[in-house]
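First up is the structure itself, then whatever we jot down about it.
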Amino acid sequence: TVGAVALDSDGNLAAATSTGGISLKLPGRVGDTPLPGAGVYAENGVVAISATGVGELIARYLAAFRVAELMRRGTPLAEALGQVVSNMTNFFGRRNTVGLIAVDATGAYGEATNCEVFLRGFAKPGEPVKVGVLAEE
Amino acid sequence: MRGIIAVHGGAGRLRKSLLESRRELEEGLRDALHAGMSALATGSSLDAVEAAVRVLESSGIFNAGKGAALNAYGQVELDAGVMFGRDLSFGAVAAQRYTWNAVSLARKVMELTDHILLVGPGADELAKRLGMELHPGPTERARKLYEELLEAVKKGEHDLWRKNRSLLLSPPGD
């Protein structure tokens, strides 16, 4: 799975996610990626989010929507992402299942994962591009 | 200019093969960020996320677009979704097999149809009518991973799909 989130100079937030799905999936299987509020979500004034991981769990948990809901009620970006990933990990009792990237209405970047590997990066005008492969980078 | 773009590839357990392709993956992420930043300079955040994801789909090294993982029958089936926060507009495709550029097709669903999601043959039909580029077929890397995982399922070593196992081991037809 791949994805992107962005904030433009008009203050519009957007998110996009795309995937081949999980290897050996049954034909016709659909995960979280094309479902609004599951693997992809964007709402001006709140947050843009894109998810990767085990689509069945992300979709059942509605991970993107939960982050947006926490932020709508005033929880800051980093805390909202951390809470949703940790609660989802506890609920399903499984690690290596989700990675989230997000930007909020102020242009702050946030990420959270329960995986060993999480390919991601971000760029701001006038700043060097940052990328990471291992989750702890 | 205010603005920011972030991208991601996959997330999961650390595999040796991933460290071997680390440089290639980092390069792919950087290319996507540069494409997104260029789009952000002249267009909207929606243009930026589509441009960035299109680069990742086109690279062939991520599990999307040309580099997609294969389903139980060794086929490519792509899902993609885009959302614009200004008016909560949304477009998506699922189980789409015609074009490698699923994210741009998802945006076409948002902009050209009254729907939010087209699946399977309907999504393929729209891609075909729009003259979108055909998917070139599975990469060598995807095919190799598919063979390895199918072998692992037969030996009972692949733990992801427990319920599907019996279905996987008895594909349809003769």
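Each chain gets a letter, A, B and so on, in the order its sequence line appears, and its residues count up from 1.
When each of B/A68, B/A95, B/A72 is scored by its heavy-atom pairs under 4.5 Å with chain A, the top score falls to B/A72. Contact tally against chain A (heavy-atom pairs below 4.5 Å) for B/D47, B/L19, B/L88, B/V76: the top residue is B/L88. In terms of non-hydrogen atom pairs under 4.5 Å with chain B, the most contact-rich of A/E111, A/K124, A/R95 is A/K124. Note: B/R22 leads B/E50, B/R22, B/Q96, B/R107 in heavy-atom pairs under 4.5 Å with chain A. By number of non-hydrogen pairs under 4.5 angstrom with chain B, the leading residue of A/A48, A/G45, A/G55, A/S50 is A/S50. Between chain B and the residues A/G126, A/G28, A/A108, the most heavy-atom pairs under 4.5 angstrom are made by A/G28. The greatest number of non-hydrogen atom pairs below 4.5 Å with chain B, out of A/G3, A/A102, A/C115, is found for A/G3. Of the residues considered (A/G99, A/A123, A/G21), A/A123 shows the highest number of contacts with chain B, using heavy-atom pairs under 4.5 Å. Highest contact tally toward chain A, considering only B/A80, B/A6, B/A64, B/A92, is held by B/A6 [criterion: heavy-atom pairs under 4.5 Å]. Heavy-atom pairs under 4.5 Å with chain A were tallied for B/V82, B/N71, B/D87; the largest tally goes to B/N71. Between chain A and the options B/A48, B/S44, B/A51, heavy-atom pairs under 4.5 Å are most frequent for B/S44.
Proximity to chain B (any heavy atom under 4.5 Å) is restricted, for A/A51, to the backbone atoms N, CA, C and O. Contacts of B/L70 with chain A are made by backbone atoms alone, with heavy-atom separations under 4.5 Å and no side-chain atom involved. Using a 4.5 Å cut-off between heavy atoms, A/E56 touches chain B through its side chain atoms alone. Residue contact with chain B, scored on non-hydrogen atoms closer than 4.5 Å, involves the side chain of A/V103 exclusively. The part of B/L18 that comes within reach of chain A is its side chain, from C-beta onward, which places non-hydrogen atoms under 4.5 angstrom from that chain. No part of B/V119 comes within reach of chain A, as not one of its non-hydrogen atoms sits under 4.5 angstrom from that chain. At a 4.5 Å heavy-atom cutoff, the contact between B/F90 and chain A is made by side-chain atoms alone.
A donor-acceptor contact closer than 3.5 angstrom links the side chains of A/T97 and A/N114.
A salt bridge between B/R141 and B/E20 is absent, with no side-chain N of the basic residue lying under 4.0 Å from a carboxylate O of the acidic one. Taking 4.0 Å as the cut-off between side-chain N and carboxylate O, B/K144 and B/E148 count as a salt-bridged pair.
Heavy-atom minimum distance, B/A35 versus B/V55: CB-CG2, 3.6 Å. Nearest heavy-atom pair, B/L56 versus B/F62, reported as atom, atom and distance to 0.1 Å: CD2-CE1, 3.5 Å.
Scanning residues 129-137 of chain A against chain B with a 4.5 Å heavy-atom cutoff picks out A/V129, A/K130, A/V131, A/G132, A/V133, A/L134, A/E137, ordered by number. Within residues 8-15 of chain B, the residues having any heavy atom under 4.5 Å from a heavy atom of chain A are, by residue number, B/H8, B/G9, B/G10, B/A11, B/G12, B/R13, B/L14. Among residues 57-76 of chain A, no residue has any heavy atom closer than 4.5 Å to a heavy atom of chain B. Contacts between residues 29-44 of chain A and chain B, defined by a heavy-atom separation under 4.5 Å, are made by A/R29, A/V30, A/G31, A/T33, A/P34, A/L35, A/P36, A/V40, A/Y41, A/A42, A/E43, A/N44.
At distances below 3.5 Å, at least one donor-acceptor pair connects side-chain atoms of A/K25 with backbone N or O atoms of A/G20.
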